[in-house]
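Chain A is the first sequence line, chain B the second, and so forth, proteins listed ahead of strands; every chain is numbered from 1.
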Protein chains: 2
Amino acid sequence: MQISSRFTIAIHILACIDTFKDDYKVTSDFLAGSVNVNPVVIRRLLQQLKAAGIINVIRGSGGAEIAKPLSEITMLDIYKAVDSIENGELFHFHENPNKECPVGRNIHNVLDDKLKQVQTAMENEMRSITIQEIVEDTKSYIQKEL
Amino acid sequence: MQISSRFTIAIHILACIDTFKDDYKVTSDFLAGSVNVNPVVIRRLLQQLKAAGIINVIRGSGGAEIAKPLSEITMLDIYKAVDSIENGELFHFHENPNKECPVGRNIHNVLDDKLKQVQTAMENEMRSITIQEIVEDTKSYIQKEL
DNA sequence: TTCGTTGTAATCTTTATTGTTACAACTACG
DNA sequence: CGTAGTTGTAACAATAAAGATTACAACGAA
């Protein structure tokens, strides 16, 4: 299976918040319009991003804003914030290898480290990409349209 | 979501085939016993591994064998053989960003390369781990038990 | 020709994701 | 005040994917 679209939606949300911060009140409805999903889906994501300290959400009057410098928010932060995979494990290990079989009872010993190594390589790459880059790229693509 | 357990099961299968090749006829039932899943699940995986040229499956009399040197089979080969993710894309991109919105119509331009970059980092790490290592580790863990 | 096996279709169950409705709680503002 | 526009969140429906299971034809060796 693939990594949940919550991840790309969350990035989309942050790009919107920054892009439109001066011209619009960026509400869950506004964001839902750009992403093209139900506003409740957006609100749930906003809560997760807020819990991770990435954004502030203004209750009552509405709107969301980014809570810290864009250069200090990485793809990995977002990935973790929105719980893109189950309990932090990228690979779904088959549940009950047979303990009676020599291979079955050792397969975890053999694989766990190697799977972790792969997952870490992926996470390190995510850590190297910041929202700042993403927002800058977005602005430059929008510029090019004019 | 996580990467399908087909991936870890496929590795488990290969470890079994090699470990038991001299002492047992390694059938789908035998493998199903070690992995602890239905034999049909195993047969489907055997077909995928066969299609990728990784194993041969003996029809009629039964059994499976590895088709090429262990050092030439990487985790990435297995990962791709068993279709661990949908149509080769690790990330599920939200389907219909709004083309009326400047961010919505450019989000793919902005993200596609970066997502690919992360996926490639993961795949490169997988390419560096061979079944030979895995089989050797398995044998050494089994040795240690005695 | 019989036996154990593979190859594969069909179907069911389970689980996760995503979508939707509904409504209480909240804040700013007239 | 109280009203309008929001957020926060529960509850539940819809969809989709994974995995389990049953069934059986095709195959090969003895």
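- A:N38 places its CG atom 6 Å from the C1' atom of C:dT20, with the value rounded to the nearest Å.
- Considering only side-chain N and O atoms, A:S28 lies under 4.0 angstrom from the phosphate OP1 or OP2 of D:dT7.
- Listed nucleotides: C:dT6, C:dT20, D:dG8. Nearest to the side chain of B:V57: C:dT6.
- Phosphate contact (OP1/OP2 of D:dG19, side-chain N/O of B:S5, threshold under 4.0 Å): present.
- For the residue pair B:R43/B:S28, the side-chain donor-acceptor check at 3.5 Å is satisfied.
- Across A:D77 and A:E72, no two heavy atoms sit closer than the pair OD2-O, 3.6 Å.
- Residue-level contact check: A:R44 touches the bases, meaning some heavy atom is under 4.0 Å from a base atom.
- Using bins of under 30°, 30° to 60° and over 60° for the plane-to-plane angle, the ring pair A:F93/A:H108 lands in the parallel bin.
- Put simply, CZ on B:F30 is 12 Å from P on C:dT6, counting in whole angstrom units.
- Shown here is A:D23, whose CG atom has more than 12 heavy atoms of other residues, nucleotides or ligands within 6.0 Å.
- Taking the nucleotide of DNA chain C with the nearest heavy atom to each of A:G60 and A:N36, the more 5' of the two is matched to A:N36.
- Across all strands shown, B:G62 has heavy atoms under 4.0 Å from sugar-phosphate atoms exclusively, and none from any base.
- Relative orientation of the B:F20 and B:F30 rings is perpendicular, given thresholds of 30° and 60° on the angle between their planes.
- Distance B:E95 CD to D:dA14 P: 20 Å, rounded to the nearest Å.
- In this structure, A:H94 places its NE2 atom 15 Å from C1' of D:dA18, rounding to the nearest Å.
- Taking the side chain of A:S4 as heavy atoms from C-beta on, and the options C:dT5, C:dT17, D:dT9, the nearest nucleotide is C:dT17.
- Minimum atom distance to the side chain of B:V40 is reached by C:dA9, of the listed C:dT18, C:dG7, C:dA9.
- Remark: P of C:dT20 and CG of A:D29 are 13 Å apart, rounded to the nearest angstrom.
- B:L46 comes within 4.0 angstrom of nothing in the nucleic acid, heavy atoms only.
- Here C:dT8 is the nucleotide among C:dT8, C:dT20, D:dT9 with the atom lying nearest to any side-chain atom of B:R43.
- The distance from atom CZ of B:R59 to atom C1' of C:dG4 is 13 Å, rounded to the nearest whole Å.
- Candidate nucleotides C:dA25, D:dT6, D:dA26 were compared by shortest atom distance to the side chain of A:T27, and D:dT6 ranks first.
- Of the side-chain N and O atoms in A:K25, none sit less than 4.0 angstrom from OP1 or OP2 of D:dG5.
- Regarding contacts with the backbone of C:dT6, every side-chain N or O of B:Q47 stays at 4.0 angstrom or more from both OP1 and OP2.
- Between A:H92 and D:dG19 there is a side-chain N or O to OP1 or OP2 distance below 4.0 Å.
- Taking atom CD1 on A:I42 and atom P on C:dT21, their separation rounds to 16 Å, with Å as the unit.
- Following rounding to the nearest Å, B:Q2 (CD) and D:dA17 (C1') show an atom-to-atom distance of 14 Å.
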So B:I134 and B:I11, side-chain contact (heavy atoms from CB on, under 4.5 Å) or not? Walk me through it. CA-CA 8 Å; B:I134 290 170; B:I11 296 173; 4.0 Å; yes

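- Of the candidates C:dT17, C:dG7, C:dC26, the closest approach to any side-chain atom of A:R6 belongs to C:dT17.
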